[in-house]
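Quick notes on the structure that follows.
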Amino acid sequence: MKVKVKNWHAIAQWRWDTGTSSDTHDADDEGDVCGICRVPYEGCCPSCKMPGDDCPLIWGECTHIFHMHCLLKWIGTAASKQQCPMDRRPWVTAERKINN
Amino acid sequence: MSTRRLQKELLELKNEGAPAGIQLLKGDDFQSWILSIEVLGESLYKGDKFALEFRFDSQYPIAPPSVTFVVNEQFQAPEHPHVYSNGHICASILANEWSPVLTVSAVCITLQSMLASCKRKERPPDNDRYVARAPADPRRTRWAFHDDDV
């Protein structure tokens, strides 16, 4: 039997490398949303239209992760006292962590 | 940002239910919500039901919502050292300790536990003076936070 491929669709999926295993990821896992806007990391912040490199994540040395635009909006206010919204420690942006 | 975040919070309240003792009474727009709040278990407020009004502006959740106890024919503000008779609440998380990761439900739980741990039913010492000249929006009040344990 001979099979002739007439056409095909390539499908790709992407995730930010947040250092958590994709095995533990499920649709309603609260851990995978930005704590500020509550949109998944792979979605974009409410000010953007396209997810991806134009709406990146930002990592804190405290290990907390947000959409960069969401965090900058917060840090830009005097009320934030430049603290991480999660633990109120001074926000220090970490080098993007890439596991192995 | 505010509408989309509030949509998500609303969906969560409706799908998963509000925390114990909390009920959404009005949430049909993204300007103002009303939630009832009861303290479960033994407390000075056993059997009492209060209502909280949340007002949101476009800055939410970067800026806190304006949160007050409803005072009308049906509801009264709880008698509590941090709650003024006009419904204004002196709570740091609604002012200088606000964080954008807080939610309507988290605020309700905090206020619920503030009531639960209350040891004496009384108004703040400056109640009359404050109420006489309070701004409509408590976020414009400059609060002094005296203690963490009431």
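No hydrogens, no waters, no symmetry mates; every other heavy atom, side chains included, goes into these values. Naming convention: chains lettered A, B, ... in sequence-line order (proteins, then strands); numbering from 1 in each chain.
- Although no hydrogens or angles enter the test, the distance criterion places a donor-acceptor pair under 3.5 Å between the side chain of B:Arg5 and the main chain of A:Ile36.
- Heavy-atom contacts from other residues, nucleotides or ligands closer than 6.0 Å to CZ of B:Arg139 number more than 12.
- B:Leu115 and B:Phe75 fall into different hydrophobic clusters, defined by Ile, Leu, Val, Met, Phe, Trp and Tyr side-chain heavy atoms under 4.5 Å apart, directly or through other members.
- Contacts between residues 63-74 of chain B and chain A, defined by a heavy-atom separation under 4.5 Å, are made by no residue at all.
- Expressed to the nearest 0.5 Å, how far CG of B:Leu102 lies from CE of A:Met86 amounts to 10.0 Å.
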Show your working on side chain to side chain contact (heavy atoms under 4.5 Å, CB included) between B:Thr103 and A:Arg38 and close with a plain yes or no. CA-CA 10 Å; B:Thr103 58; A:Arg38 304 244 147 196; 3.8 Å; yes
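- In this structure, B:Ile34 is not a member of the same hydrophobic cluster as B:Leu13, with clusters built from ILVMFWY side-chain heavy atoms closer than 4.5 Å.
- Side-chain heavy atoms closer than 4.5 Å link hydrophobic residues (I, L, V, M, F, W, Y) into clusters, and following such links, possibly through other members, connects B:Leu94 to B:Tyr60.
- Among pairs with a residue in residues 93-116 of chain B, those fulfilling salt bridge (Lys or Arg N to Asp or Glu O under 4.0 Å) read A:Lys81-B:Glu97, A:Arg88-B:Glu97, at least two apart in sequence or across chains.
- Pairing each heavy atom of B:Trp98 with each of A:Trp74, the nearest pair is O-CH2, 3.3 Å.
- Residues B:Leu35 and B:Leu10 share a single hydrophobic cluster, defined by chaining ILVMFWY side chains whose heavy atoms lie under 4.5 Å apart.
- If you chain together hydrophobic residues whose side chains sit under 4.5 Å apart, A:Val92 and A:Ile75 never meet in one group.
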Do A:Val33 and B:Lys8 pass the side chain to side chain contact (heavy atoms under 4.5 Å, CB included) test, and can you show the C-alpha distance, the side-chain angles, and the key distance before you say yes or no? CA-CA 11 Å; A:Val33 303; B:Lys8 285 177 181 287; over 6 Å; no
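- Closest non-hydrogen pair, A:Pro85 versus B:Ser99, comes out as O-OG, 2.7 Å.
- Annotation: the span from A:Cys70 atom SG to B:Ile62 atom CD1 amounts to 6.5 Å, rounded to 0.5 Å.
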